[in-house]
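All of these numbers come straight from a predicted model, not from anything done at the bench. One is the number of the first residue; the rest follow in order along the sequence.
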Amino acid sequence: MLFGFICLLLLAEPAGAEPVGAEPAKAELAAAEAVDAIAQTGDVVWITFRSPAELASLARVLDVWEVQDALPDGAEPVGSGRLKALVSDADRVWLAARGFELETVAPATVIPSTIPSTPCYRTIDELYDQLSAWALDYPTLTELRSLGTSYEGRAIYALRLTNEATGLAGVGESPKAAEAPRPIFFLMANIHGRELITPEMAMVFIEHLLTGYGVDADVTWLLDHHVIEVMVSANPDGHYRNEAGQPWAYWRKNANPTHGYCGGVYGIDLNRNSGFLWGGAGTHACDETYQGPSPVSEAETQVVEAFLRSLFPDERPDDLTMPAPETKPGVFITLHSYGDLVLWPWGHTTTPPPNGAGLSRLGRKMASYSGYTAKQASGLYPTTGTTDDFTYGELGVASYTFEIGSSSDGFYPPCYRYDALIQPNLGALLYAAKVARAPYQLPAGPDAAAVEALFVVNDAGQSVSVTATIDDRESGGQDVAAAEAYIDVPPWGGGQPYPLDVVDGLFDAAHEVVSGTLVLDRLPPGRHLIFVRGQDAEGAWGPVSADFVTVAYGLDLAPASHVGAARPGEVVIYTLALTNTGTLSQTFTLTHTHSLWQVSLVPTITLQTPGSGMVVMASVTIPSELEGITRNVFTVTARADEAPWLLREARIETHALWVSVFLPWVMRAH
């Protein structure tokens with residue numbers, strides 16, 4: 001094949017040849033582009049490896065698609081297995097020289113030279129157009145920022161999702177200031193160009209958040225109290241090379257030829273170019289894992305790392321054995337395909353990271369949503385210079401890689417697999433966003449699920465009936481020990497807890513149904529958030545889940561007091577404003593307490609629609625003959641017929657003027 005021939009020539013580096021790393025002339029690039037369709041093809045093969053060291057040597061050079069940890073017959077030594085890779089003729093020569101066995105899965109003739117038309121996958125321009133449209137449609141929830149550009153000048157965007165107008169404000173504070181900084185969940189996709197399902201996963205996640213705000217209680221509190229940053233493509237040039245009609249099949253790397261060039265193959269693997277413990281991946285331009293000439297050499301890597309440093313403070317010591325604080329907020333997830341995996345650092349060593357217990361706990365919990373296998377990244381094969389190792393190693397952030405899809409899905413899953421690949425991972429991403437406040441701690445506690453809050457009204461007053469399930473089965477399997485609810489203000493904001501009782505009478509299982517009644521004391525009418533969380537037998541609290549409840553009945557009568565005066569025989573008229581502050585139409589009855597002077601109320605009964613108001617006239621007639629009484633006080637009461645416990649009162653006080661003319665002669669003399 002032409003690809004293998006070119007690579008062999010460059011590997012030999014004959015006298016007078018242009019050295020690898022030099023920028024190719026424009027004419028050479030143009031000629032190379034013409035044969036890219038050939039250069040990017042190859043054979044898909046299974047390669048047998050006999051030890052972790054052999055696997056590491058293969059992964060360092062080859063374009064590895066997947067790894068099976070053990071050979072099918074199961075009779076091989078520990079650490080043996082096989083991997084699937086796309087190999088060139090040059091790769092075959094290299095493999096044969098080292099004694100590796102190959103089994104061809106698909107010959108070059110069936111590898112597409114151009115990407116098939118797949119209407120479910122958007123182009124990079126279509127992805128960016130949709131982001132811009134969302135930013136315009138949801139200005140209070142989104143901020144779209146261009147962070148920099150790729151090698152070929154395409155923008156690298158991050159969409160920030162949060163409701164800046166909300167938060168837990170103290171007296172004199174703005175909501176934003178009260179809760180800043182909010183915990184951050186960062187989702188990144190498409191660092192490898194050919195992994196087309198990953199930006200689609202990010203886009204579906206964004207759409208779920210935006211359309212769910214104000215409709216879904218959990219989405220609402222997430223955007224009210226957390227920040228979610230989404231980068232739908234960290235490698236827009238690579239995405240472009242995998243779009244329908246382009247002559248580059250399976251393009252993985254970025255589009256920069258200046259650090260090394262191998263015929264029609266060039267570019268740097270951006271997921272081997274990060275600065276943390278860089279070095280140990282491919283060192284030649286022919287390598288699909290080419291790490292670049294130096295750490296963070298690429299424009300795309302520089303943009304990503306600078307942005308991550310601006311979001312997450314560095315709270316992990318440089319010593320590789322020192323953990324980040326258990327209270328460290330923030331979660332980072334990078335989306336890849338394929339493998340049905342959830343991976344966490346380290347990738348460069350099989351030694352567990354210092355926050356290994358917390359990373360494993362969250363990783364396994366997220367994998368439970370999709371049925372994926374969860375393990376440390378090096379358990380797949382060794383890697384260096386990866387983004388998730390950087391975010392954890394440099395910044396201490398709980399960091400993960402999702403490998404979306406199975407072997408049968410490959411890098412270009414058919415459109416009928418779109419929802420099947422995306423929807424299970426949506427739950428995992430929402431869970432990651434929920435625990436971003438304390439990702440090393442909250443996954444140890446049980447989940448609160450199926451939260452249902454119902455508004456209840458009876459003769460005794462109004463209340464909220466709350467039910468939920470508290471489930472620790474995927475969080476350690478401990479017995480549930482407690483549950484509690486909060487109204488509007490969650491536990492991290494200092495909200496008041498309302499204990500919930502277990503329905504079967506005893507907390508003695510890892511899955512319990514809980515319930516309780518929250519008595520509302522003058523809770524304002526309208527919609528409120530009811531938060532629920534659970535605690536396990538070891539004392540670990542899990543993340544909250546929520547439901548909306550609407551307080552239906554409300555009434556206002558203003559002002560609360562009136563004082564007036566007039567001459568004997570005159571009428572004093574007081575004006576009161578009666579308002580239905582509830583969410584349902586209500587009938588109000590108006591009465592007044594005993595009065596020594598004549599009182600008239602208009603109206604005495606009225607039907608008011610939600611939000612409407614009317615004027616109530618209270619007329620007081622001062623008698624012509626006062627008989628020594630110069631002051632009269634009574635109370636007007638407005639009561640809701642549908643909720644008789646709901647009432648408001650206004651105090652009316654009236655004075656008679658010129659009372660001295662009625663006093664006895666002796667008193668007038670003084």
Side-chain angles (χ1 to χ4, degrees), residues 52 56 181-188 226-227 229 271-281 291 294-296 301-302 304-334 341-367 374-402 432-445 475-476 492 538-543:
R182 299 179 180 189
I184 297 171
F185 169 45
F186 185 98
L187 180 65
M188 184 178 78
H226 289 194
V227 171
E229 298 274 4
N271 203 39
R272 300 295 186 272
N273 190 238
S274 282
F276 180 77
L277 297 184
W278 175 88
Q291 63 191 1
S294 60
V296 201
T301 314
Q302 293 163 17
V304 169
E305 291 199 3
F307 187 55
L308 288 167
R309 290 185 190 278
S310 74
L311 295 177
F312 301 110
D314 182 359
E315 295 185 65
R316 201 194 70 79
D318 292 338
D319 186 335
L320 295 183
T321 66
M322 297 297 291
E326 283 293 295
T327 56
K328 167 78 174 177
V331 173
F332 169 85
I333 293 177
T334 176
L341 296 168
V342 174
L343 308 172
W344 58 86
W346 304 116
H348 69 278
T349 176
T350 57
T351 301
N355 293 97
L359 288 167
S360 172
R361 213 165 25 230
L362 175 53
R364 296 180 191 283
K365 184 58 185 285
M366 292 188 295
K375 58 185 174 183
Q376 187 173 324
S378 57
L380 180 62
Y381 55 80
T383 55
T384 56
T386 60
T387 318
D388 54 354
D389 266 15
F390 164 77
T391 49
Y392 174 69
E394 288 283 340
L395 307 175
V397 178
S399 302
Y400 298 87
T401 293
F402 283 18
K434 278 188 173 186
V435 302
R437 187 169 295 276
Y440 296 124
Q441 296 175 316
L442 289 173
S475 303
W492 60 84
E538 294 187 345
W541 288 101

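Val435 has its side chain out of reach of Phe185: every pair of non-hydrogen atoms, C-beta onward, lies at least 4.5 Å apart. By the 4.5 Å heavy-atom criterion applied to side chains, Gln376 and Trp344 are counted as neighbours. The shortest distance between side-chain heavy atoms of Leu343 and Lys375 falls below 4.5 Å. No side-chain heavy atom of Val296 sits less than 4.5 Å from a side-chain heavy atom of Trp278. Using a 4.5 Å cut-off on side-chain heavy atoms (C-beta onward), Glu229 and Phe332 make no contact. Thr387 has its side chain within reach of Val304: a pair of non-hydrogen atoms, C-beta onward, lies under 4.5 Å apart. Taking 4.5 Å as the limit, every side-chain heavy atom of Glu394 sits out of range of all side-chain heavy atoms of Ser274. Counting heavy atoms from C-beta outward, Val342 and Phe402 have side chains that approach closer than 4.5 Å.
Closest approach of Ala281 and Gln291 over heavy atoms only: N-OE1, 3.0 Å. The minimum heavy-atom distance between Pro353 and Tyr392, with the atom names listed, is CB-CE2, 3.7 Å. Closest of all the heavy-atom pairs between Asp389 and Phe276 is O-CD2, 3.5 Å. The minimum heavy-atom distance linking Ala324 with Tyr440 is given by the pair CB-CE1, 4.2 Å. Shortest non-hydrogen contact noted between Pro443 and Ser475 is O-CB, 3.4 Å. Contact detail for Pro382 and Ala56: the closest heavy-atom pair is CG-CB, 3.6 Å.
Judged by distance alone, with hydrogens and angles left aside, the side-chain atoms of Arg316 form a donor-acceptor pair with the main-chain N or O of Gly393 at under 3.5 Å. A donor-acceptor pair under 3.5 Å is formed between the side chain of Tyr400 and the backbone N or O of Leu359. At distances below 3.5 Å, at least one donor-acceptor pair connects side-chain atoms of Asn273 with backbone N or O atoms of Ser294.
Checked against side-chain contact (heavy atoms from CB on, under 4.5 Å), Thr349 has the following partners two or more places apart in sequence or in another chain: Trp346, Thr351.
Put simply, the residue from Val227, Ile333, Leu311 that forms a side chain to side chain contact (heavy atoms under 4.5 Å, CB included) with Phe186 is Leu311.
Note: Trp492 and His226 have tilted aromatic rings, judged against thresholds of 30 and 60 degrees for the angle between ring planes.
Pairs of residues two or more places apart, or lying in two chains, that qualify as salt bridge (Lys or Arg N to Asp or Glu O under 4.0 Å) and include a residue from residues 319-333 are Glu315-Lys328.
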Show your reasoning for whether side chain to side chain contact (heavy atoms under 4.5 Å, CB included) applies to Val397 and Leu308.
CA-CA 10 Å; Val397 178; Leu308 288 167; over 6 Å; no
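Judged by distance alone, the side chains of Thr334 and Asp388 never bring a donor and an acceptor atom under 3.5 Å apart.
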